[in-house]
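Hydrogens, waters and symmetry mates play no part in the numbers below; they use all other heavy atoms, side chains included. Note that this is a predicted model, so its numbers are computed, not measured.
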Amino acid sequence: MAQPEINQRDLRSRSKEIMDAVAGGQSFTVTRDGHEIGELIPLRRRRRFVARDEFTAMSRNAASVDVNAFRADQDAAADQEVVDPYEQ
């Protein structure tokens with residue numbers, strides 16, 4: 001479905017109405033002198049919570065982790081030496 005076009009003048013004069021529509025999920029193509037110049041689109045909201053059932057379903061297809069290889073990668077990437085910061 002094509003998003004509705006709105007010209008620059010309408011954007012100025014109906015900004016509250018248009019921004020309310022964007023906040024509600026509507027997108028618009030903005031035009032000036034009949035030429036498309038941009039899009040008004042709602043921001044994507046990142047979810048902070050994933051339901052346990054959804055996480056379980058996603059995890060079923062996840063690759064298994066080789067714990068020994070994972071620890072070896074960590075050891076190779078991290079400096080394991082303990083240094084006293086006051087000893088200089």
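By the 6.0 Å contact criterion, CZ on R32 is open, its count of non-hydrogen atoms from other residues, nucleotides or ligands being 12 or less. Annotation: D66, atom CG; neighbour count of heavy atoms from other residues, nucleotides and ligands within 6.0 Å is above 12.
Interatomic distance, CZ of R9 versus OG1 of T31, reported as 11.0 Å (0.5 Å rounding). Separation of atoms OG (S13) and CD1 (I6) is listed at 7.5 Å; rounding is to 0.5 Å. Interatomic distance, CD of E36 versus CG of N7, reported as 12.5 Å (0.5 Å rounding). The line from CD1 of I41 to CD of Q3 is 8.0 Å long, rounded to the nearest 0.5 Å.
Nearest approach of D20 to K16, heavy atoms of both residues: OD2-NZ, 2.7 Å. What you find for I18 and D10 is that their closest heavy atoms are CD1-O, 3.6 Å. The minimum heavy-atom distance linking P4 with Q26 is given by the pair CD-NE2, 3.1 Å.
Within the 4.5 Å cutoff, the side chain of M19 has heavy atoms near those of the L40 side chain.
Look at D75 and R71 and you find no salt bridge, because none of the NZ, NE, NH1 or NH2 atoms lies under 4.0 Å from a carboxylate O.
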